[in-house]
Asks: 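Here it is, the structure in full.
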Amino acid sequence: MRTSPKILWIALVALFVACGGNNLEEETGYIPSEPNYESEEMWLRVLNDADGDGADVFYIPSTWEFDWTTPGGLPCHYADVTNKAHRDNMAIEMKAVAEYMAEGTNFYSPYYRHITLNTWATLDEALIKSRYESVSLEDVQAAFDHFIKSCNNSRPFILAGFSQGGKSVVELMKSMPEDQRNRMVAAYVLGYKVTPEDVAVAPWITAAQSADDTGVTICYNSVSDVKYVKPIVSSPNVMCINPVNWCTDSTPATLDGKITVTLNDACKVLVVEGYDGSHLPNILDILNVGDYHGVEPWLYSESLRENFKERIEAFRCRQN
């Protein structure tokens with residue numbers, strides 16, 4: 001049984017209330033200790049590829065924490081992986097996506113010091129970049145290096161991430177050596193963007209064109225109308241694919257018999273009609289306001305479940 005997106009975002013709102021809202025502290029503050037990815041405590045693992053004919057999944061979760069203050073009064077703009085409550089929050093998402101991403105795969109998801117929602121709410125790209133690259137990306141890269149060295153054993157793998165996790169997927173691909181890129185079944189950037197600058201730095205980041213091409217990037221963001229495109233997560237964007245019909249044009253697709261999903265090529269987003277997103281809370285006036293950011297991994301989960309299988313099978317067939 002899939003975890004309800006409503007439950008996930010109710011938990012997030014409860015966390016928001018507990019942390020006292022969206023007051024952004026001054027830049028200096030507490031930086032939590034870095035994770036040791038040799039420790040089992042720093043991972044959620046679901047190993048379902050008993051036959052060894054599937055692939056591994058490396059999944060990076062999204063943003064769960066708001067700015068918080070240490071007992072000593074220092075502000076912090078990062079999740080703390082030594083804090084069980086912070087790990088438990090991330091695990092809500094990890095376990096929910098594993099329900100479909102871990103079918104026939106070995107699923108690995110690291111806890112990491114992600115930047116807070118308050119940092120995103122500044123809409124300050126330079127500040128976001130600075131905080132993210134100095135701490136969060138260091139963790140993601142360290143976790144991925146450990147995964148490659150100690151877990152993957154040269155097997156095919158899928159990269160996937162949602163929101164801040166999607167940003168991390170893009171950053172990992174930028175620095176990924178060719179031998180690893182040759183083993184990558186596909187990369188799933190859910191609820192985030194791939195910018196012109198990204199592909200200029202890493203021209204091997206190429207857009208998926210169908211349901212079974214491999215070595216490609218699947219990227220999408222969902223809105224009720226293009227006027228609700230949020231640049232902080234979805235613009236400028238150079239690629240988008242409809243995860244319901246796997247088309248890159250404006251051919252509409254029907255989801256669950258009542259929701260219409262149409263790709264808007266000019267904005268490179270999905271326009272969703274017939275979906276009731278009223279349960280999604282307004283997050284600091286930047287997310288879930290005319291957009292469906294909060295349900296990007298869940299709204300299309302059945303399509304993604306089947307597509308993981310299809311791309312893995314296609315990748316293995318092409319290797320033979």
Side-chain angles (χ1 to χ4, degrees), residues 29-52 54-65 68 70-71 74 76-99 101-116 130-185 187-188 308 312:
Y30 176 71
I31 297 179
S33 58
E34 63 185 275
N36 174 11
Y37 289 111
E38 298 286 341
S39 171
E40 288 291 325
E41 192 178 40
M42 291 298 103
W43 294 89
L44 188 138
R45 305 176 193 238
V46 182
L47 307 182
N48 286 336
D49 185 15
D51 297 331
D56 293 340
V57 176
F58 185 85
Y59 179 80
I60 310 155
S62 63
T63 313
W64 280 86
E65 303 306 322
W68 55 282
T70 69
L74 290 174
C76 185
H77 310 296
Y78 302 93
D80 183 353
V81 297
T82 68
N83 183 318
K84 183 179 181 299
H86 290 195
R87 290 198 309 278
D88 287 347
N89 288 330
M90 284 184 268
I92 294 171
E93 177 183 333
M94 294 165 159
K95 291 176 181 178
V97 298
E99 290 179 6
M101 290 188 184
E103 282 195 5
T105 70
N106 291 334
F107 177 92
Y108 301 86
S109 188
Y111 299 99
Y112 71 112
R113 295 173 295 175
H114 59 257
I115 57 175
T116 59
S130 174
R131 289 182 181 172
Y132 170 79
E133 291 187 354
S134 64
V135 175
S136 310
L137 181 57
E138 292 291 321
D139 288 0
V140 170
Q141 187 67 63
F144 184 70
D145 290 345
H146 177 81
F147 160 76
I148 290 293
K149 179 181 177 181
S150 302
C151 308
N152 178 244
N153 297 317
S154 299
R155 282 161 44 86
F157 65 88
I158 287 173
L159 275 184
F162 166 43
S163 194
Q164 185 171 169
K167 175 178 178 63
S168 296
V169 168
V170 175
E171 295 304 322
L172 285 178
M173 285 194 289
K174 286 183 186 178
S175 60
M176 188 181 294
E178 185 176 5
D179 66 307
Q180 293 176 13
R181 299 200 303 267
N182 290 340
R183 298 205 314 277
M184 190 185 76
V185 175
Y188 290 76
F308 270 44
I312 291 169

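None of the values given here were measured: they were computed from a predicted structure.
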Asks: Quick one: does Glu171's side chain get under 4.5 Å of Ile60's, heavy atoms only?
Replies: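 Not in contact.
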Asks: Answer yes or no: is there an ion pair linking Asp88 with Lys84, defined by an N-O contact shorter than 4.0 Å?
Replies: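 Between Lys84 and Asp88 there is a salt bridge, with a charged N closer than 4.0 Å to a carboxylate O.
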Asks: Answer yes or no: is there a donor N or O on one side and an acceptor on the other, between the side chain of Arg181 and the main chain of Met176, under 3.5 Å?
Replies: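 Yes, Arg181 side chain to Met176 backbone: donor-acceptor pair under 3.5 Å.
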Asks: Evaluate the ring planes of Phe58 and Phe147, with Trp represented by its six-membered ring, and classify them as parallel (under 30°), tilted (30 to 60°) or perpendicular (over 60°).
Replies: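 Tilted.
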Asks: What's the separation between atom CD in Glu93 and atom OG in Ser109, rounded to the nearest 0.5 Å?
Replies: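 Interatomic distance, Glu93 CD to Ser109 OG, rounded to 0.5 Å: 7.5 Å.
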Asks: Taking all non-hydrogen atoms of both residues, which atom of Phe144 and which atom of Gln180 are closest, and how far apart?
Replies: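 Shortest heavy-atom separation between Phe144 and Gln180 comes out as CE2-OE1, 3.3 Å.
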Asks: Would you call the rings of Phe107 and Tyr59 parallel, tilted or perpendicular if under 30° counts as parallel and over 60° as perpendicular?
Replies: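 Rings of Phe107 and Tyr59: parallel, as their planes differ by under 30°.
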Asks: Restricting to non-hydrogen atoms, name the atom on Met42 and the atom on Arg87 that form the minimum distance, rounded to 0.1 Å.
Replies: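 In terms of heavy atoms, the two residues are closest at CE-CD, 3.9 Å.
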Asks: How many angstroms lie between atom CG of Asn182 and atom CG of Asp179, to the nearest 0.5 angstrom?
Replies: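 Going from CG on Asn182 over to CG on Asp179, the span is 7.0 Å.
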Asks: Between atom CG of Asn83 and atom CD of Glu65, what is the distance when rounded to the nearest 0.5 Å?
Replies: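 It is 7.0 Å, given to the nearest 0.5 Å.
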Asks: So how far is it from His77 NE2 to Ile115 CD1, rounded to the nearest 0.5 Å?
Replies: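 Result: 11.0 Å between the selected atoms.
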Asks: Compare every heavy atom of Leu44 with every heavy atom of Tyr111, then report the nearest pair and how far apart it is.
Replies: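 Scanning both residues completely, I find the closest heavy atoms to be CE1-N, 4.1 Å.
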Asks: Sort out for me which residue in Tyr108, Tyr37, Trp43, Tyr112 forms a ring pair (Phe, Tyr, Trp, His ring centres under 6.0 Å) with His146.
Replies: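 Of all the options given, the one that passes is Trp43.
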Asks: Is a salt bridge present between Arg113 and Glu138, judged by a nitrogen-to-oxygen distance below 4.0 Å?
Replies: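 No.
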Asks: Do Thr105 and Ile158 have side chains that approach each other closer than 4.5 Å (heavy atoms only, starting at C-beta)?
Replies: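 Sidechains of Ile158 and Thr105: no contact.
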Asks: Just say parallel, tilted or perpendicular for the rings of Trp68 and His86, cut-offs at 30° and 60°.
Replies: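 Rings of Trp68 and His86: perpendicular, as their planes differ by over 60°.
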Asks: Identify the heavy atoms of Val169 and Ala187 that sit nearest to each other, and give their distance.
Replies: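 Heavy atoms of Val169 and Ala187 come nearest at CG1-CB, 3.8 Å.
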Asks: Compare every heavy atom of Asp49 with every heavy atom of Gly54, then report the nearest pair and how far apart it is.
Replies: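 Where Gly54 meets Asp49 most closely, the heavy atoms are N-OD2, 3.0 Å.
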Asks: Looking at Cys151 and Asp56, what are the two nearest heavy atoms and their distance?
Replies: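 For Cys151 versus Asp56, the nearest heavy atoms are O-OD2, 4.1 Å.
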Asks: Between atom CG of Leu137 and atom CD of Gln164, what is the distance when rounded to the nearest 0.5 Å?
Replies: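 The CG atom of Leu137 sits 10.0 Å away from the CD atom of Gln164.
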